[in-house]
2 protein chains.
Amino acid sequence: MPTNLSASELARLEDLSNSKRTYSTGDYLYRTGDCFLSLHAIRSGSVKTRVLHEDGREQLTSFLMAGEIIGLDAISTDFHTCEAVAMEPCEVCELPFAQMEELSREIPSLQRHLHKIMSREIVRDRGIMLLLGSMRAEERLATFLLNLSQQNAALGMISTQLRLKMSRLEIGSYLGLKLETISRAFSRFQEEGLLQVKARYIEILDLPRLRILAVKS
Amino acid sequence: MPTNLSASELARLEDLSNSKRTYSTGDYLYRTGDCFLSLHAIRSGSVKTRVLHEDGREQLTSFLMAGEIIGLDAISTDFHTCEAVAMEPCEVCELPFAQMEELSREIPSLQRHLHKIMSREIVRDRGIMLLLGSMRAEERLATFLLNLSQQNAALGMISTQLRLKMSRLEIGSYLGLKLETISRAFSRFQEEGLLQVKARYIEILDLPRLRILAVKS
DNA sequence: ACCGTATTTTGACATATATCAAGACGGACA
DNA sequence: TGTCCGTCTTGATATATGTCAAAATACGGT
C-alpha cells in the first residue's frame, strides 16, 4: 500500500504481512487491554472501533474500510486502548509492528508512509472533535454522509448511493447522538428532498444542499 | 526528551533542535495552511491548538505545556491543518522533521519514541472524543480538571491547586460547551464543596468525589 | 413464505444546555 | 485611587436533543 517502493522492497513488505486472518461479523480484531504486537491492515470488509467508559458507556471512534491500517493507538502503551469489531466478514492482515519499524528504518519511503498514516489518523480525529464539539445534529449527520460519499467515490463506487453497514444506534454513538435523533434527521432530510432513505440504503438527491448543511446550518 | 539515548546520540538530537524561538501571548506558532517543515517542542509556557470551521466556528483541540511536541497533524498533508497559539510567553524549539526522520532511521530508540508520541496523541484525542460524544457538562469539566491536576502532579506541583491559563470561553470551546455553562458548573462544584473557585485559581477540595463525577455522574 | 426478533420510525413529553441580557468582579493603567 | 475593559457570574427564557413508549418495518432462519 505504500507507493513508490522498489519491487524488492515491496516483496519484503509482503513477506511481513503474510498472515491473513478472516473475521465474521461481530468478531473482535482486538479488545481493550490486549497486548500490542501488530497493526492490522483491512483487506476487505469493514470494522468499527470504540472506546469504553468505566460505567459502560461507549463511543464509536471510527468506521474503517478496506485499505485502512488500524491499531495505531496501541503503540504508545503497548496494549490496546480501544477495541475493534468486524461489521461484516473481513479479511485482515497482521503487520508485526517491531518488524515494520525495522523495515521502515531501511526504507525511507515506508517510514514516511507510516508517519503519514499516523498523522492522518490525528487529523481525522481532530475533525471529529470539531464535529462533536461544535456541530448540531443535522450538521453532524450531513457531514457523516458526505464522508461516506467521498469514501465511495474514492473506491470508484457511485458516490450518491450509500449502503450503510451500521445501524442508527451505531451512527448515533459515533456522532454523539441518540438513535432516535439520527432517525429523525434522516426523515427530515427525506422530507426536504435531500435524501431518499430506505432503511440502510440512502440515495443522496441534493449533494450541494447537503454540503451547505454540513458546513453551516 | 527521549530516554535511553547514548551521549553522542543525544548530542545529535540537541544539534538538530538548536533553533529556539520565543513567543509572546497570542502569537501563532503556526496557522492553518502553513507549510510543514518542523515539529515544535515546547520548552516553557503553554500553547493551545484549534481547528477552524469554514463558517468561523472553532474548536480548541488541545492545551499543551512544557515538554510536549506539537504539529504532528501536519505530517500527513505537509501543511498544518490546525493552528497553535501561545497562551503565555513561551520558549519553543523547532525540530526539522526531515532531519528527525533521518535521525530516527539511525537511532531505533528515537524512532520508537517518535512513534509513541504520535500514538499518544491519537489516544488522547480518542479520550476527548469520548468526552465530547458521551459525557454531560459537569462530567466534562470534572474530567478536564482531573487532567490538569494530573499534569500538575507530573510536573511535581501541588495537584490540588490549579492556576488556569485559559478563560471560561476557551474551556468551553475545548469541552464543546458555552462559557456560561462552564461558569455555572464551577459555581455548582463550589456550592457542593468540591472546589474552591476564585476566578482562574481553583482548589480541589474533594478529589475522590470529583473522580466519581468524572467517571459517572 | 412465515415467524420471531431486531431495527427503525414516530409521537408526546422531559431536560440539559444555549441564548440573551444585566451586573459584578478584577486587573491594567493613568 | 479611580476608571476602563475584558472576564466572569447569574437570572430568565428558548431550544435542541434526550427519554419513554408504541407501532411499523426489515431481516434471518426454518
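A, B, ... follow the sequence lines: proteins, then strands. Residue 1 opens every chain.
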Within the 3.5 Å criterion, strictly below it, is a donor on B:Asn152 or B:Ser159 matched to an acceptor on the partner's side chain?
no
Within the 4.0 Å heavy-atom criterion, would you say B:Arg200 contacts the bases, only the backbone, or no part of the nucleic acid?
sugar-phosphate
If you count the non-hydrogen atoms of other residues, nucleotides and ligands that lie under 6.0 Å from CZ in B:Arg200, is the total more than 12?
yes
Going by the angle between their ring planes, with limits at 30° and 60°, are A:Phe36 and A:His80 parallel, tilted or perpendicular?
perpendicular
Rounded off to whole Å, could you give me the CZ-to-C1' distance for the B:Arg188 and D:dT9 pair?
16 Å
B:Leu179 CG to C:dA21 P: how many Å, rounded?
15 Å
Between D:dT19 atom C1' and A:Leu169 atom CG, what is the distance in whole Å?
14 Å
Is the phosphate of C:dT17, meaning OP1 or OP2, less than 4.0 Å from a side-chain N or O of B:Thr181?
no
A:Ala199 vs A:Met135, nearer the 5' end of DNA chain D by closest nucleotide:
A:Met135
Taking the side chain of B:Arg184 as heavy atoms from C-beta outward, which of C:dA12, C:dT19, D:dA26 is closest to it?
C:dT19
Have a look at A:Gly176 and say if it touches a base, only the backbone sugar-phosphate, or nothing, with a 4.0 Å heavy-atom cut-off.
sugar-phosphate
To the nearest Å, give me how far apart NZ (A:Lys198) and C1' (C:dT9) are.
16 Å
Counting the atoms with a prime plus P, OP1 and OP2 as sugar-phosphate, which does A:Ile182 contact under 4.0 Å by heavy atoms, base, sugar-phosphate, or nothing?
nothing
Can a side chain N or O of B:Ser183 be found less than 4.0 Å away from OP1 or OP2 on D:dT10?
no
For B:Ser167, report the nucleic acid contact type (base, sugar-phosphate, nothing); a contact means any heavy atom under 4.0 Å.
sugar-phosphate
Grab the CD-P distance between B:Glu180 and D:dA14 for me, whole Å please.
16 Å
A:Glu191 CD to C:dT9 P, straight-line distance once rounded to whole Å
12 Å
Separation of C:dA16 atom P from B:Arg140 atom CZ, nearest Å, is 13 Å
Test for a donor-acceptor pair under 3.5 Å between the base of D:dT25 and the side chain of A:Arg168, counting only N and O atoms.
no
B:Glu101 side chain to A:His115 side chain, donor-acceptor N/O pair below 3.5 angstrom:
yes
Please report, rounded to the nearest Å, how far the P atom of C:dC25 is from the CZ atom of B:Phe186.
19 Å
Indicate whether the side chain of A:Glu88 and that of A:Thr25 have a donor and an acceptor atom separated by less than 3.5 Å.
no
hbond_proxy B:Arg136 side chain to D:dG18 base (donor-acceptor, 3.5 Å cutoff)
no
